[in-house]
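Each remark here refers to the structure printed beneath this line.
So that the names make sense, note that chain A is the first sequence line, chain B the second, and so on, each numbered from 1.
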2 protein chains.
Amino acid sequence: MASPPNFQPTAAELVILQQLWARGPLSVREIHEALDGDKPVVYTTVLKTMQIAFDRGLLTRESAGRKHVYTAAVEKHAIQENLLDGFLDRTFGGSTKGLVMRALGNGRASKQEIAELRTFLNQLDTEDDD
Amino acid sequence: MASPPNFQPTAAELVILQQLWARGPLSVREIHEALDGDKPVVYTTVLKTMQIAFDRGLLTRESAGRKHVYTAAVEKHAIQENLLDGFLDRTFGGSTKGLVMRALGNGRASKQEIAELRTFLNQLDTEDDD
DNA sequence: AGTGATCTACGAAGTATTTCGTAATTGGTG
DNA sequence: CACCAATTACGAAATACTTCGTAGATCACT
């Protein structure tokens, strides 16, 4: 069976994707305005990054008058999984348990999140393969 | 209070560190032999990477006859946490819950691991701040 | 039609990382 | 001591990614 392409957006591309995933289709200007905060970014830097992401198939776009409106062409969950797989192997030698324990052990997760995860983990049960 | 330096080893450095964390102090040759598998690596590439990691303070070394024996100078858990923090923000917008659910949802975790995590999560309880 | 603002395209410099080749040094062995 | 193999040091090319400036097109408005 054919696997989906293993898109691995770079850090700069990921910043763009986060905007599009969260807010839907956007122009370069809209994204530039959202990003140009404490750390200023030049307009054409954002433009170029989006053009590259478009060339790589991460984004689609439509002409709207003189400008382009971009849309994420890849699913957030799929990309997160791709990136996570690599990160898991590189940093935790593939140990999901190691990763999760470190993620929860650093005090960044709220009580709320922990409670939700406990529920999630309790559901996640008998349905196992390998 | 002074924070520990925020070491962020590169991918190549991390490969070296994984060896040292797992197997203790090693020479360049020993690491080269361990890595030179399906994807061949040249000896001096490994050497150079280790010299850079040494310069950056990630490794220490001792002379043993004509050769050097290297040791990890940074703690595995601390490095994993540093890298995880950045990855979490970039890829999951800082949502630990999102990360953990994706990590567990992809079917890579064994029943065994899931059971252990459930135990861990149940212990992880009242001791919360923020 | 002319002017100015906004936009896209894109080359290319800048930065970070990885990879490799060459030279010099060291240690053991005949 | 001479030689060979193993080793370190290091410059520099190769690769990947990011950033920016310039040029040219397009649109709105006068």
Side-chain angles (χ1 to χ4, degrees), chain A residues 6-20 25-71 79 82-83 86-87 89-91, chain B residues 5-19 25-71 79 82-83 86-87 89-91:
Chain A
N6 211 69
F7 286 124
Q8 305 255 138
T10 64
E13 289 168 338
L14 205 44
V15 170
I16 306 296
L17 282 169
Q18 299 284 14
Q19 289 289 321
L20 295 172
L26 295 170
S27 65
V28 176
R29 179 141 312 270
E30 287 166 321
I31 292 194
H32 175 248
E33 273 161 10
L35 300 182
D36 192 34
D38 5 283
K39 184 179 177 296
V41 202
V42 168
Y43 177 85
T44 55
T45 298
V46 176
L47 170 68
K48 176 73 164 187
T49 303
M50 292 176 72
Q51 286 171 339
I52 290 170
F54 171 74
D55 290 342
R56 297 222 293 139
L58 295 166
L59 309 181
T60 58
R61 69 186 184 192
E62 258 183 21
S63 291
R66 71 186 138 178
K67 66 177 70 166
H68 288 153
V69 174
Y70 288 81
T71 306
I79 295 301
N82 287 349
L83 292 171
F87 181 75
D89 287 338
R90 272 195 308 282
T91 309
Chain B
N6 211 69
F7 285 123
Q8 305 255 139
T10 64
E13 290 168 338
L14 205 45
V15 169
I16 306 296
L17 282 169
Q18 299 284 13
Q19 288 291 320
L26 294 170
S27 66
V28 176
R29 179 141 312 270
E30 286 166 321
I31 292 195
H32 176 247
E33 272 162 11
L35 300 182
D36 192 34
D38 4 282
K39 184 180 177 295
V41 202
V42 168
Y43 178 86
T44 55
T45 299
V46 176
L47 170 68
K48 176 73 166 189
T49 303
M50 292 175 72
Q51 286 171 339
I52 290 170
F54 171 74
D55 291 342
R56 296 223 293 139
L58 295 166
L59 309 181
T60 57
R61 70 186 184 193
E62 256 183 22
S63 291
R66 70 184 139 181
K67 67 177 70 167
H68 288 152
V69 175
Y70 288 81
T71 306
I79 296 301
N82 287 348
L83 293 172
F87 180 75
D89 288 338
R90 272 195 307 283
T91 309

Are side-chain heavy atoms of [X] and [Y] found at a separation under 4.5 Å?
X	Y	answer
A/Gln8	A/Asn6	yes
B/Leu14	B/Leu83	yes
A/Met50	A/Arg61	no

Can you see which heavy atom on [X] is nearest to which on [Y], and at what distance?
X	Y	value
B/Val41	B/His32	O-NE2, 2.7 Å
B/Asp36	B/Pro40	OD1-CA, 3.0 Å
A/Leu20	A/Thr71	CD1-C, 4.1 Å
A/Pro9	A/Arg56	CA-NH2, 3.7 Å

Interatomic distance where [atom1] belongs to [X] and [atom2] belongs to [N] [whole Å]:
X	N	atom1	atom2	result
B/Glu30	D/dA6	CD	P	15 Å
A/His68	D/dC27	NE2	C1'	14 Å
B/Arg66	C/dT26	CZ	C1'	7 Å
A/Glu62	C/dC7	CD	P	17 Å
B/Asp55	C/dA16	CG	C1'	16 Å
B/Ile16	C/dT17	CD1	P	15 Å
A/His32	C/dT8	NE2	C1'	15 Å
A/Leu26	C/dC7	CG	P	14 Å

Should the pair B/Phe87 and A/Phe87 be assigned to parallel (<30°), tilted (30 to 60°) or perpendicular (>60°) ring geometry?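 Geometry flag for A/Phe87 against B/Phe87: parallel rings.
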For DNA chain D, just give me the dot-bracket, please: Watson-Crick or G-U, both distances below 3.5 Å, ( ) intra-strand, [ ] crossing earlier pairs, | paired with another strand, . unpaired. ||||||||||||||||||||||||||||||
Check this one for me: any side-chain N or O of B/Arg61 less than 4.0 Å away from OP1 or OP2 of D/dA9?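 Yes, within the criterion.
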Please determine whether a side-chain nitrogen or oxygen atom of B/Tyr43 lies at a distance below 4.0 Å from atom OP1 or OP2 of D/dT8.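 For D/dT8, OP1 or OP2 has a side-chain N or O of B/Tyr43 closer than 4.0 Å.
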Can you sort out the partners of A/Glu30 under salt bridge (charged side-chain N to carboxylate O under 4.0 Å, His left out), two or more places apart, ordered by chain and number?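 A/Glu30 satisfies salt bridge (charged side-chain N to carboxylate O under 4.0 Å, His left out) with no other residue.
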Let's see if you can work this out: which of C/dA9, D/dC10, D/dC27 has an atom nearest to the side-chain heavy atoms of A/Gln51?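 When the side chain of A/Gln51 is considered, C/dA9 is the closest of C/dA9, D/dC10, D/dC27.
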Protein proximity profile, nucleotides 14-23 of chain D - base contact B, sugar-phosphate-only contact S, no contact -, cut-off 4.0 Å on heavy atoms: ---SSBBBB-
